[in-house]
*Asks:* 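This structure is in structure tokens; I'll ask about it shortly.
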2 protein chains.
Amino acid sequence: MGRRPKEVPLLTIDQIIDETIACIDEHGLEAFTMRRLAARMGVYSSAIYWHVSSKARLLALASTRLVSKLPADDEGTDWRVWLLQAARQVRGTMHEHANFAPVFGSQISVDVSAAAPFIEAVLTVLRRTGLDEAQVVDAFNAYIGLVMGWVSMELSAEPDGVHDEGTPGIPLADQLSALRANEQPNLVELLPRLANHAFMMRWDSGRSNPLDSSFDFVIETFIAGLELRIAGA
Amino acid sequence: MGRRPKEVPLLTIDQIIDETIACIDEHGLEAFTMRRLAARMGVYSSAIYWHVSSKARLLALASTRLVSKLPADDEGTDWRVWLLQAARQVRGTMHEHANFAPVFGSQISVDVSAAAPFIEAVLTVLRRTGLDEAQVVDAFNAYIGLVMGWVSMELSAEPDGVHDEGTPGIPLADQLSALRANEQPNLVELLPRLANHAFMMRWDSGRSNPLDSSFDFVIETFIAGLELRIAGA
DNA sequence: ACCTGAACACCGTTCAAGT
DNA sequence: ACCTGAACACCGTTCAAGT
């Protein structure tokens with residue numbers, strides 16, 4: 001009944017990936033180090049290189065694992081409903097691993113077998129709209145780039161030390177209050193609503209300061225536009 | 001007439017920022033090093049630290065400079081036209097400095113004074129739609145996150161060494177052709193259109209392989225949806 | 001097969017010292 | 001004020017050596 005291994009290895013690829021995700025979740029991408037990962041697993045950093053060829057490869061494997069958690073169900077739901085719900089699920093998964101956002105948002109390829117169920121579900125739903133093949137491809141790119149790109153911007157964080165040490169208080173808030181109404185009237189008038197709640201004018205990341213209503217706005221508007229485009233075709 | 005400096009300094013903050021952008025444009029973000037920047041300017045790396053407090057701060061300054069090149073004109077154009085054209089201009093600027101995409105897409109705040117003209121223009125145009133104040137803020141976030149997030153995904157690149165050295169040929173293309181039609185029928189059927197032209201299924205970055213029609217699709221669809229939302233309100 | 005332990009070639013950053 | 005030159009505390013990665 002099964003094999004009996006003489007010597008149980010200390011490390012497994014799956015454990016390494018698990019610990020990579022946990023380590024980044026806890027301490028952030030910048031603090032993620034092969035030496036730190038090794039220490040956490042009670043091993044020399046060189047031991048990891050026996051299982052995985054490089055740090056870049058390890059990050060790719062970790063993001064592949066996260067991609068495999070994306071929604072893959074498609075139960076003949078109305079395409080509008082599915083696209084909305086799936087977008088929220090994708091956002092939820094990304095928020096759960098917010099420190100991974102830069103990898104999610106700037107990694108060109110993942111393991112296709114891990115992403116295939118999600119991709120297939122999106123394509124299936126998009127075909128249900130009646131768009132032709134070329135438009136389905138564009139709609140796919142539009143949707144994926146919109147959801148993942150938008151959320152990865154929402155989750156963007158500030159690396160330490162970008163502010164000069166001399167400036168006291170919250171620098172960005174000070175900058176905002178220094179704007180003059182005669183030069184940027186709309187910005188100044190809307191400032192109470194914009195400050196820390198709009199892109200380029202936030203100091204807290206989407207991790208602690210999520211932009212829920214704006215995400216709903218963008219995805220709902222996109223779906224409405226899709227509906228219009230289909231009706232017109 | 002004017003002051004006569006006794007000793008002309010070798011370095012200026014503006015020159016440092018210029019060279020930073022040039023260096024990253026030429027060799028990429030990963031290859032950008034304080035030592036490399038210093039060497040290019042004929043100086044010791046420690047000399048740079050007299051002018052700027054850290055590498056992170058320098059990257060923030062560089063991205064601020066790029067942000068200041070975003071469109072700021074608003075000549076009473078129809079809001080649909082303006083939002084479309086501005087989106088294309090933003091994309092154009094990002095493509096010109098494609099190696100900066102990760103910074104663009106994941107940096108939470110920029111210098112507000114540099115971004116203010118662009119922000120003001122977007123807000124002005126959005127108010128012209130007739131949306132109320134709360135919706136203008138959401139529409140602003142929707143638009144900015146859509147354009148910048150989408151394009152930064154388009155420009156994402158693959159760091160070196162993410163593929164195992166053993167695999168021959170183009171790995172992703174091989175993976176795609178290995179997919180079975182009974183598990184992912186839509187993916188397989190659309191494969192000729194998807195391969196290297198869709199997110200998660202590309203091996204060439206948007207730098208060399210731009211996704212023009214998909215960008216048009218997403219921004220036009222969003223604007224159409226916005227129109228519908230306004231008409232309905 | 002799988003891990004140790006040391007080593008190499010780099011980093012960002014600091015700091016005394018020069019001018 | 002502005003830069004040199006060396007140094008510190010790290011990195012990712014390699015490799016002989018152990019078991």
Side-chain angles (χ1 to χ4, degrees), chain A residues 2-20 23-24 27-62 102-103 107 158-166, chain B residues 2-20 23-24 27-63 99 102-103 107 158-166:
Chain A
R3 65 200 173 107
R4 191 144 41 91
K6 299 274 175 70
E7 316 236 349
V8 176
L10 292 177
L11 265 39
T12 311
I13 256 282
D14 286 305
Q15 287 172 22
I16 292 173
I17 295 173
D18 286 341
E19 292 297 323
T20 297
C23 189
I24 291 176
H27 306 104
L29 198 58
E30 298 200 345
F32 176 69
T33 276
M34 295 300 269
R35 288 172 138 97
R36 179 171 207 159
L37 174 64
R40 155 195 280 260
M41 302 189 79
V43 98
Y44 276 78
S45 64
S46 50
I48 298 186
Y49 284 89
W50 197 91
H51 299 271
V52 61
S53 57
S54 70
K55 184 185 180 181
R57 171 86 182 137
L58 180 52
L59 289 176
L61 291 172
V103 184
Q107 187 150 286
E158 203 154 30
D160 300 331
V162 292
H163 297 300
D164 282 329
E165 54 290 336
Chain B
R3 63 199 175 109
R4 192 145 40 92
K6 298 273 174 71
E7 317 236 347
V8 175
L10 292 177
L11 264 40
T12 311
I13 255 283
D14 285 304
Q15 286 172 24
I16 292 173
I17 296 173
D18 286 341
E19 292 298 322
T20 296
C23 188
I24 291 175
H27 307 105
L29 198 59
E30 298 200 346
F32 177 69
T33 275
M34 296 300 268
R35 289 171 137 97
R36 180 172 206 159
L37 174 65
R40 156 194 278 261
M41 303 190 79
V43 99
Y44 276 77
S45 63
S46 48
I48 299 184
Y49 284 89
W50 197 90
H51 298 271
V52 61
S53 58
S54 70
K55 185 184 180 182
R57 171 87 181 137
L58 180 53
L59 289 176
L61 290 172
S63 89
N99 292 333
V103 184
Q107 186 149 287
E158 203 153 31
D160 299 332
V162 292
H163 298 300
D164 283 329
E165 55 290 333

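None of the values given here were measured: they were computed from a predicted structure. Chain identifiers are assigned alphabetically (A, B, ...) following the order of the sequence lines, protein sequences preceding nucleic acid strands; residue numbering begins at 1 within each chain. Any value given below was found using the heavy atoms of this structure, including those in side chains, with hydrogens, waters and symmetry copies removed.
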*Asks:* Toward the 5' end of DNA chain D, which comes first, A/Met34 or B/His51, by nearest nucleotide?
*Replies:* B/His51
*Asks:* Using whole Å, report how far CZ of A/Arg35 lies from P of C/dT4.
*Replies:*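 That distance rounds to 14 Å.
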*Asks:* OP1 or OP2 of D/dG5 sitting under 4.0 Å from any side-chain N/O of B/Tyr44?
*Replies:*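 Affirmative; the distance criterion is met.
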*Asks:* Separation of B/Leu59 atom CG from C/dG12 atom C1', in whole Å?
*Replies:* 12 Å
*Asks:* Check whether any side-chain nitrogen or oxygen of B/Ser46 sits under 4.0 Å from OP1 or OP2 of C/dT13, and answer yes or no.
*Replies:* no
*Asks:* Looking only at non-hydrogen atoms, find the nearest pair between A/Val52 and A/Arg57 and report the distance.
*Replies:*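 Shortest heavy-atom separation between A/Val52 and A/Arg57 comes out as CG2-CG, 3.6 Å.
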*Asks:* Rounded to the nearest angstrom, tell me the gap between atom CD1 in B/Ile48 and atom P in C/dC11.
*Replies:* 13 Å
*Asks:* For C/dT19, which nucleotide is its Watson-Crick or G-U wobble mate, given both distances must be under 3.5 Å?
*Replies:*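 Looking at the geometry, C/dT19 pairs with D/dA1.
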*Asks:* What is the distance, to the nearest angstrom, from the OH atom on B/Tyr49 to the P atom on C/dA16?
*Replies:* 17 Å
*Asks:* For the backbone of B/Arg36 and the side chain of B/Thr33, can you confirm whether one donor and one acceptor N or O come within less than 3.5 Å of each other?
*Replies:* no
*Asks:* Where the side chain of A/Lys55 is concerned, which of C/dC11, D/dG12, D/dC3 is the nearest nucleotide?
*Replies:*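 Output: D/dG12.
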*Asks:* Taking only the side-chain nitrogens and oxygens of A/Thr33, find out if one of them lies under 4.0 Å from OP1 or OP2 of D/dG12.
*Replies:* yes
*Asks:* What is the distance, rounded to the nearest whole Å, between atom CZ of B/Arg36 and atom P of C/dA9?
*Replies:*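 One finds 19 Å between P of C/dA9 and CZ of B/Arg36, rounded.
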*Asks:* Check B/Ser54 against B/Tyr49 and note the closest heavy-atom contact, atom names and distance.
*Replies:* CA-CE2, 4.1 Å
*Asks:* What's the CH2-C1' distance between B/Trp50 and C/dA17, to the nearest Å?
*Replies:* 16 Å
*Asks:* Could you tell me how far apart A/Glu30 (CD) and D/dG12 (C1') are, to the nearest whole angstrom?
*Replies:* 16 Å
*Asks:* Select base, sugar-phosphate, or nothing to describe what A/Ser45 touches, counting heavy atoms under 4.0 Å on all strands.
*Replies:* base
*Asks:* Partner of C/dA6 by Watson-Crick or G-U wobble geometry, both contacts under 3.5 Å, or none?
*Replies:* D/dT14
*Asks:* Using atom CD1 of B/Ile13 as one end and atom P of D/dA1 as the other, report the distance to the nearest whole Å.
*Replies:*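 After rounding, the gap between these two atoms is 16 Å.
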*Asks:* Start with the C-alpha distance between B/Ile17 and B/Thr12, add both sets of side-chain angles, then the distance that settles side chain to side chain contact (heavy atoms under 4.5 Å, CB included), and finish with yes or no.
*Replies:* CA-CA 9 Å; B/Ile17 296 173; B/Thr12 311; over 6 Å; no
*Asks:* Could you tell me whether a side-chain N or O of B/Asn99 sits under 3.5 Å from a main-chain N or O of B/Ile24, the two making a donor and an acceptor?
*Replies:* yes
